[in-house]
Visitor: 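Below you'll find the structure I mean.
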Amino acid sequence: MKRLLIIASGGGHTGFAKAIAEYLPFKADFVIPEGDENSRKLVSPYAGKIYEVSKPRDPKGSNYSLVTKGFRALHQSISLPRYDVVVATGSNHSVIPSLFQRVKGSTLFALESQDRIVTRGKAVSVLSHFSKGVFLHWKEQSSLYRNGIVVGPILQRRKYDPVDEGYILVTAGTEGFKALFDKISNLGLTNLIIQTGKVSPEPYAKKGIKAFSFDPDIERLIAGASVIITHQGKTAMESAVLYGKPTILVFNRSLTRAATFEDVKLYSEIIGARFLEDPSTWDDEKLVEAINERKKPNSHQPGTEKLVKVIMDYLE
């Protein structure tokens, strides 16, 4: 039986998987979403073996795909070898392979999202019933699960020293945030960098803005920014906690399956970010004011090392 399997379910979930792997004394095996080359690039340096399992539904995808892709995920998950310990990083992608590993006798741990403060993520809520424990980033999440384990914010090792190179970084993960990008690109700012994800960068590049879809080393840009504008994802935590950068967190209401407005507002308070509602609710002056009145974020000790210690205790 193999030792450790980490289910890296794309986007920020894969970011958590990579962070855990950086602290391990050996290379783990990984499951990633089928065809997700960004996840493959992120975990490859830390991986013994990488398996691909279909993701039943994307964050903005339809329920129809749950059936078609779900059956494929079942077949792929059944064929995975048994592991001593499995860590599921969340998302519907984690559910099927995690449950099959649990049936085979693996010890399962799940990881709740950083922005779920008063509501549970659906996938992690399901997995919590079959898990030895659910890793949590903040003490404020303690009431979510009876088997919750508060370790601190799950972050990778800091790769760069923070500096101020004078630019504003706008990033919203894999899915992107077109409403935010459109709003800020019309402000006439000359020191703007936008990472657009699945949103096309071309309209912003045509305005003379440095814009691109993905950068596997986005951390380098986080380290050099004066201020970071993002949504309710893992990047906000990296920016504020790992690099101590003034952070503006903008609520993306189009992510209907993600954390609630209340969750995200509390999350911004925990990390010390400036919180703004969805761009459809404010005018340009509100964003300019937030940029000019940037504030120092709150200080937190990363908890990845504590998480790895728990895992290692079950591998001995």
Visitor: If only atom types and distance count, is the side chain of Thr89 paired as donor or acceptor with the main-chain N or O of Ile7 below 3.5 Å?
Guide: yes
Visitor: Just to verify, what does Ser268 make a side chain to side chain contact (heavy atoms under 4.5 Å, CB included) with, not counting sequence neighbours?
Guide: Leu249, Ala273, Phe275
Visitor: Indicate yes or no for a side-chain donor-acceptor contact from Asp263 to the backbone of Ile117 under 3.5 Å, with no hydrogens or angles considered.
Guide: yes
Visitor: Any chance the rings of Phe16 and His137 have centres within less than 6.0 Å?
Guide: yes
Visitor: With the threshold set at 4.0 Å, does a side-chain nitrogen-carboxylate oxygen contact exist between Arg40 and Asp36?
Guide: no
Visitor: Verify, without hydrogens or angle tests, whether Glu52 (side chain) and Val31 (backbone) share a donor-acceptor contact under 3.5 angstrom.
Guide: no
Visitor: Run the ring pair (Phe, Tyr, Trp, His ring centres under 6.0 Å) check on Tyr243 and Tyr160 step by step: do they pass?
Guide: CA-CA 9 Å; Tyr243 282 94; Tyr160 301 100; 7.3 Å; no
Visitor: Regarding Thr107 and Lys132, do their side chains bring together a donor and an acceptor under 3.5 Å, going by distance alone?
Guide: no
Visitor: Atom CG in Leu111, atom CG in Leu307: separation rounded to 0.5 Å?
Guide: 7.0 Å
Visitor: Is there a continuous path of hydrophobic side-chain contacts, each under 4.5 Å between heavy atoms, that joins Leu4 to Ile50?
Guide: yes
Visitor: Keeping the roles fixed (side chain from Gln141, backbone from Arg116), state whether a donor-acceptor pair exists under 3.5 Å.
Guide: yes
Visitor: Do Lys207 and Asn186 meet the criterion of a side-chain donor-acceptor pair at a distance under 3.5 Å?
Guide: yes
Visitor: Got a salt bridge between Glu289 and Arg274, using NZ or NE/NH1/NH2 to carboxylate O under 4.0 Å?
Guide: yes
Visitor: I'd like to know if the side chain of Gln156 pairs up with that of Lys234 as donor and acceptor (distance under 3.5 Å, no hydrogens or angles considered).
Guide: yes
Visitor: Between Arg157 and Glu22, is the closest basic N to carboxylate O distance under 4.0 Å?
Guide: no
Visitor: Check for me, please, whether Tyr267 and Phe135 land in the same ILVMFWY cluster - side-chain distances under 4.5 Å, paths through other members count.
Guide: yes
Visitor: Could you check, using the six-membered ring where one of them is a Trp, whether Tyr46 and Phe30 have ring centers closer than 6.0 angstrom?
Guide: no
Visitor: Would you confirm whether Asn298, through its side chain, and Ile270, through its main-chain N or O, come within 3.5 Å as a donor-acceptor pair?
Guide: yes
Visitor: So that I can tick it off, tell me whether Glu34 and Arg72 are bridged by a salt bridge, with the cut-off set at under 4.0 angstrom between side-chain N and carboxylate O.
Guide: yes
Visitor: Given 3.5 Å as the limit, does a donor-acceptor pair link the side chain of Lys104 with the main chain of Tyr83, or not?
Guide: no
Visitor: Return yes if some donor-acceptor pair links the side-chain N/O of Tyr23 with the main-chain N/O of Lys306 below 3.5 Å, else return no.
Guide: no
Visitor: Can you list everything that forms a side chain to side chain contact (heavy atoms under 4.5 Å, CB included) with Ile78? Sequence neighbours excluded, please.
Guide: Phe100
